[in-house]
Amino acid sequence: MAPVRELTRGVDTMLATGDISALSTLADAVNAAGELLASRVTGGYEVDEFGFDEHFHTNVWLPLWRPLFEHWFRVEVIGAENIPADGAGLIVSNHAGVLPLDGMMTTVAVHDHAGRALRLLAADLAMSLPVSAPLARRAGATLACAADAERLLESGHVVAVWPEGFKGLGKPFADRYRLQRFGRGGFVATALAAGAPIIPCSVVGSEEIYPKIGEVPALARLLGLPYMPVTPAFPLLGALGGIPLPTKWTIEFGEPIETSHLGPDAAEDPMVVFEITDQVRETIQNTLFRNLARRGSVFFG
């Protein structure tokens with residue numbers, strides 16, 4: 001009964017001091033939580049063929065990451081107008097930070113600044129772990145394969161891919177902001193086949209959240225992980241080493257590279273695929289350098 005008495009006392013205080021706005025805010029929060037809970041309990045939501053639950057995405061997943069986006073990393077978003085207001089688009093981004101927090105921050109940026117739900121193309125590992133896989137699918141991720149990506153684009157979704165994969169995510173701190181290999185351009189072939197524009201995305205700030213100064217290969221193999229990082233705080237500080245540094249982030253979405261005029265047959269032309277892949281990679285790299293040059297402190301921008 002103590003929590004109830006404390007809540008009652010707090011309400012009495014708000015009423016006595018005339019702080020009705022605070023009481024109204026509290027009531028709105030309680031009502032919103034009640035509506036959310038009722039929707040989840042009664043099944044008042046839909047799940048698509050990929051496992052995406054838009055109700056969960058909007059009301060649970062995004063609010064979970066938004067405080068990190070707004071108050072910890074203080075993300076500046078540039079070029080959100082380059083994301084299609086409707087219809088398909090393939091966002092291609094650099095990847096870094098040991099843990100894929102850049103994917104979460106990009107998801108918030110696309111939703112809050114462009115009004116679109118971002119569908120992530122995730123690595124096999126993320127889609128196979130017993131805890132992360134169901135959450136990832138419900139939040140909008142699917143396996144990073146050409147067939148699923150093409151179906152999402154043909155259905156008019158905004159999709160994101162990180163061609164550097166784990167080589168980018170787990171790169172040493174000494175190699176920060178140097179793009180790793182972009183594969184064979186599979187993402188370009190997918191965009192060409194679907195006739196979707198490619199939006200280059202450059203993220204500054206993610207490279208410093210967990211400065212990777214080494215790794216433990218034997219432990220990584222034992223756990224089935226692509227790498228086991230060593231940072232100045234991990235494993236020395238244990239769980240505290242998992243707290244990311246509060247770096248200042250900039251996410252810039254570049255001008256779309258149109259593909260529809262080339263036709264789907266261009267997806268089978270290695271020269272076209274290579275040329276566009278190189279264009280996307282160069283655009284991202286140059287934008288990273290530009291935003292690094294205009295950035296002041298790592299932590300204050």
Side-chain angles (χ1 to χ4, degrees), residues 52 54 57-58 60-85 88-123 126-127 132 135-142 144 149 152-153 157-166 168-169 171 176-177 179-180 182 187 190-191 196-210 244 246-257 280-281 283-285 287-288 291-292 301:
F52 175 56
E54 188 169 4
H57 176 85
T58 303
V60 179
W61 192 247
L62 291 175
L64 178 67
W65 297 105
R66 196 171 281 123
L68 205 62
F69 180 94
E70 295 178 347
H71 305 299
W72 193 254
F73 296 136
R74 296 145 291 141
V75 181
E76 175 189 7
V77 178
I78 301 173
E81 67 278 4
N82 289 320
I83 300 170
L90 180 63
I91 293 174
V92 181
S93 181
N94 60 304
H95 208 17
V98 177
L99 294 179
L101 294 183
D102 48 7
M104 304 304 102
M105 297 305 103
T106 304
T107 299
V108 177
V110 170
H111 181 274
D112 290 3
H113 291 263
R116 302 295 302 273
L118 186 61
R119 309 299 296 270
L120 312 183
L121 298 180
M127 303 308 294
S132 68
L135 282 175
R137 285 200 177 278
R138 196 166 285 274
T142 191
L152 283 168
L153 290 171
H157 293 286
V158 176
V159 180
V161 64
W162 290 265
E164 293 176 281
F166 286 119
L169 192 62
K171 73 167 75 75
R176 61 194 179 279
Y177 299 113
L179 292 183
Q180 304 299 297
F182 258 39
F187 68 92
T190 299
I198 298 172
I199 302 99
C201 176
S202 305
V203 181
V204 167
S206 60
E207 304 267 9
E208 295 95 355
I209 60 173
Y210 298 113
T247 57
K248 177 71 173 66
W249 286 36
T250 299
I251 298 179
E252 180 167 350
F253 299 99
E255 294 186 6
I257 298 171
V280 173
R281 190 181 187 281
T283 299
I284 295 172
Q285 185 69 82
T287 305
L288 287 174
N291 286 334
L292 282 170

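Contacts classified as salt bridge (charged side-chain N to carboxylate O under 4.0 Å, His left out) and involving residues 97-108 (residues at least two apart or in different chains) are not found.
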Self-check item: Verdict with supporting geometry, T142 and L121, side chain to side chain contact (heavy atoms under 4.5 Å, CB included)
Solution: CA-CA 5 Å; T142 191; L121 298 180; 3.7 Å; yes

Exercise. Carefully, step by step, assess T106 and F253 under the rule side chain to side chain contact (heavy atoms under 4.5 Å, CB included).
Key: CA-CA 10 Å; T106 304; F253 299 99; 4.2 Å; yes

Exercise. Assess whether side chain to side chain contact (heavy atoms under 4.5 Å, CB included) is satisfied between H95 and K171, documenting all intermediate values.
Key: CA-CA 9 Å; H95 208 17; K171 73 167 75 75; over 6 Å; no

Practice problem: Any chance you could lay out the side chain to side chain contact (heavy atoms under 4.5 Å, CB included) test for V203 and M105, step after step, and finish with the verdict? | Solution: CA-CA 10 Å; V203 181; M105 297 305 103; over 6 Å; no

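Across all non-hydrogen atoms, the minimal contact from V159 to L118 is C-CD1, 4.0 Å. Looking at every heavy atom in both residues, S132 comes nearest to A126 through OG-O, 3.0 Å. In terms of heavy atoms, E208 sits closest to Y177 at OE1-OH, 2.8 Å. When all heavy atoms of L179 and R281 are compared, the closest pair comes out as O-NH2, 2.6 Å. Taking every heavy atom of both residues into account, P200 and I284 meet most closely at CB-CG1, 3.8 Å. Between S93 and P163, the closest heavy-atom pair is O-CD, 3.6 Å.
More than 12 non-hydrogen atoms from other residues, nucleotides or ligands lie less than 6.0 angstrom from CD of Q285.
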Run the side-chain donor-acceptor check on residues 64-73: report pairs under 3.5 Å with partners two or more places apart or on a different chain.
unit_1, atom_1, unit_2, atom_2, d
R66, NE, D112, OD2, 2.7
R66, NH2, D112, OD1, 3.0
W72, NE1, P244, O, 3.0

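Taking the side-chain hydrogen bond (donor to acceptor under 3.5 Å, both in side chains) definition, one finds that Q180 meets it with nothing, sequence neighbours left out. The side-chain hydrogen bond (donor to acceptor under 3.5 Å, both in side chains) check on W61 picks up nothing, with sequence neighbours excluded. The side-chain hydrogen bond (donor to acceptor under 3.5 Å, both in side chains) check on N82 picks up nothing, with sequence neighbours excluded. The side-chain hydrogen bond (donor to acceptor under 3.5 Å, both in side chains) search around T283 returns none, not counting sequence neighbours.
Taking CD of E76 as the start and CH2 of W249 as the end, the distance is 14.0 Å to the nearest 0.5 Å. Rounded to the nearest 0.5 Å, atoms CD1 (I83) and CD1 (I199) are 7.0 Å apart.
You'll find the side chain of L120 reaches within 4.5 Å of the side chain of M104, heavy atoms only. Between T107 and L62 the shortest side-chain heavy-atom distance falls below 4.5 Å. Using a 4.5 Å cut-off on side-chain heavy atoms (C-beta onward), F52 and R137 make no contact. Residues S206 and L101 are not in side-chain contact: their nearest non-hydrogen atoms beyond the backbone lie 4.5 Å or more apart.
Under the 3.5 Å distance criterion, the side-chain polar atoms of H57 are matched with a main-chain donor or acceptor of A139. Listed for the R74 side chain is a donor-acceptor partner under 3.5 Å among the backbone atoms of P246.
Each of L169, V204, L288 was scored for a side-chain contact (heavy atoms from CB on, under 4.5 Å) with N94, with one residue passing: L288.
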